[in-house]
Amino acid sequence: MKNSIKLLAFFCVFFLSCVNENKTNKKKELITKIKSENCVFSSDLKATQVIWSGYKTTDKLKVTGQFKKFKSSKIFQNNQYESVEDLIEGLDFIIDLGSSVSGDPIRDGNLKDFFFNLLAKNLVIRGQFEKIEGDSINVLLKLFGQEKRFKLGAFYENDMFEIKGTVNIIDQLGAKKAFEGISNKCYDLHKGPDGISKTWEEVEVFIKAPIIKTCN
């Protein structure tokens with residue numbers, strides 16, 4: 001009986017290991033290999049989500065919002081590519097920072113006037129997705145005539161392309177003025193139970209874009 005239990009446990013562990021391995025391999029599938037003969041890949045900007053998350057108080061309370069207005073000339077000009085890699089690499093984007101919605105009109109107004117307005121000229125941020133390298137992607141942002149580059153995680157699974165990572169407002173974007181603007185404006189609002197006001201420099205970025213595969 002004991003041997004049967006041990007044998008059953010072995011097969012359970014083996015099976016779960018295989019499932020986890022397959023799931024991991026699927027999530028880390030190289031985007032450069034996602035192509036199919038006689039098929040084209042496109043994306044739907046209307047169904048794409050550009051989400052941000054910031055933090056306040058020493059307890060690191062999370063605040064989340066998303067940009068409702070953005071566009072890409074590459075998608076507009078041609079939205080059919082032979083692979084996901086061809087679709088994503090070189091994809092330019094323009095984000096209307098004034099379209100940010102977090103569920104709190106007062107917060108949205110403060111962010112617009114005291115952060116986004118100091119982050120990018122005319123509340124418009126421009127950028128481009130550059131080279132995909134394994135499970136990461138190089139991102140270019142243009143802020144007040146300066147170019148900022150950094151890496152974010154890149155994943156493709158279940159017909160959904162996702163970009164996710166953390167960006168430091170000061171160290172990576174050089175946006176100290178914008179950081180101080182929102183930190184000072186929301187000094188009292190960013191106080192926790194300990195009475196200390198804290199605005200975190202890190203911002204999470206999360207982009208979800210559906211990929212449409214069309215085959216002849």
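Taking Leu118 as the reference, Lys177, Ala178 meet the side-chain contact (heavy atoms from CB on, under 4.5 Å) condition, with sequence neighbours excluded. Residues passing the salt bridge (charged side-chain N to carboxylate O under 4.0 Å, His left out) test with Lys60: none are found, sequence neighbours excluded. A search for side-chain contact (heavy atoms from CB on, under 4.5 Å) contacts involving Phe144 returns Lys121, not counting sequence neighbours. Take Val167 and apply the side-chain contact (heavy atoms from CB on, under 4.5 Å) test, not counting sequence neighbours, and it matches Phe150, Leu152, Gln172, Leu173, Val205. Under the rule for a side-chain contact (heavy atoms from CB on, under 4.5 Å), the partners of Asp104 that lie at least two apart in sequence or sit in another chain are Ser102, Ile106, Arg107. Remark: Glu204 pairs with Lys62 by the salt bridge (charged side-chain N to carboxylate O under 4.0 Å, His left out) rule, at least two apart or across chains.
Atom-to-atom distance recorded for Asn38:CG and Glu82:CD is 10.0 Å, nearest 0.5 angstrom. Annotation: the span from Leu97 atom CG to Leu111 atom CG amounts to 10.5 Å, rounded to 0.5 Å. In this structure, Asn79 CG and Thr214 OG1 are separated by 9.0 Å, a value rounded to the nearest 0.5 Å. To the nearest 0.5 angstrom, Asp159 atom CG is 11.0 Å from Ser43 atom OG. Taken to the nearest 0.5 Å, the OG atom of Ser83 stands 8.0 Å off from the CD atom of Glu89. Tyr156 OH to Phe161 CZ: the interatomic distance, rounded to the nearest 0.5 Å, is 10.0 Å.
For Lys112, the NZ atom is loosely surrounded, since the number of other residues' heavy atoms within 6.0 Å does not exceed 12.
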Please output the side-chain donor-acceptor pairs of residues 179-189 that fall under 3.5 Å, not counting sequence neighbours, one pair per line with the distance.
unit_1, atom_1, unit_2, atom_2, d
Ser183, OG, Thr199, OG1, 3.4
Asn184, ND2, Glu180, O, 3.0
Asp188, OD1, Lys191, NZ, 3.4

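The nearest pair of heavy atoms linking Leu91 to Lys74 is CA-CD, 3.7 Å. Counting all heavy atoms, side chain and backbone alike, Val203 lies closest to Trp52 at CG1-CB, 4.4 Å. Nearest heavy-atom pair, Phe41 versus Val84, reported as atom, atom and distance to 0.1 Å: CD2-CG2, 3.7 Å. For the residue pair Leu143 and Ala120, the shortest heavy atom distance occurs at CD2-CB, 4.4 Å.
Among pairs with a residue in residues 84-122, those fulfilling ring pair (Phe, Tyr, Trp, His ring centres under 6.0 Å) read Phe67-Phe116, Phe93-Phe129, at least two apart in sequence or across chains. Sorted by first and then second residue, the pairs that involve residues 138-156 and meet salt bridge (Lys or Arg N to Asp or Glu O under 4.0 Å), not counting sequence neighbours, are Glu130-Arg149, Glu133-Lys151, Glu147-Arg149.
Paired with Ile125 under the rule side chain to side chain contact (heavy atoms under 4.5 Å, CB included), one option of Asp96, Ile95, Ile94 passes, and it is Ile95.
Within the 3.5 Å criterion, the main-chain N or O of Lys208 finds no donor-acceptor partner in the side chain of Glu162. Side-chain atoms of Asp194 come within 3.5 Å of backbone N or O of Ile196 as a donor-acceptor pair. A distance-only check finds a donor-acceptor pair linking the side chain of Asn138 to the backbone of Lys131 [under 3.5 Å]. Put simply, the side chain of Thr48 gets close to the backbone of Asp44: a donor and an acceptor are under 3.5 Å apart.
Ile75 places none of its side-chain heavy atoms less than 4.5 Å from the side chain of Asp92. In this structure the side chain of Ser53 reaches within 4.5 angstrom of the side chain of Thr64, judged on heavy atoms. Val63 places a side-chain heavy atom less than 4.5 Å from the side chain of Lys56.
Through side-chain heavy atoms spaced under 4.5 Å, either directly or across other Ile, Leu, Val, Met, Phe, Trp or Tyr residues, Leu140 is tied to no other residue. With a 4.5 Å cut-off between side-chain heavy atoms of Ile, Leu, Val, Met, Phe, Trp and Tyr, the cluster of Tyr55 takes in Trp200. Through direct or indirect side-chain contacts shorter than 4.5 Å among Ile, Leu, Val, Met, Phe, Trp and Tyr, Met160 is connected to no other residue.
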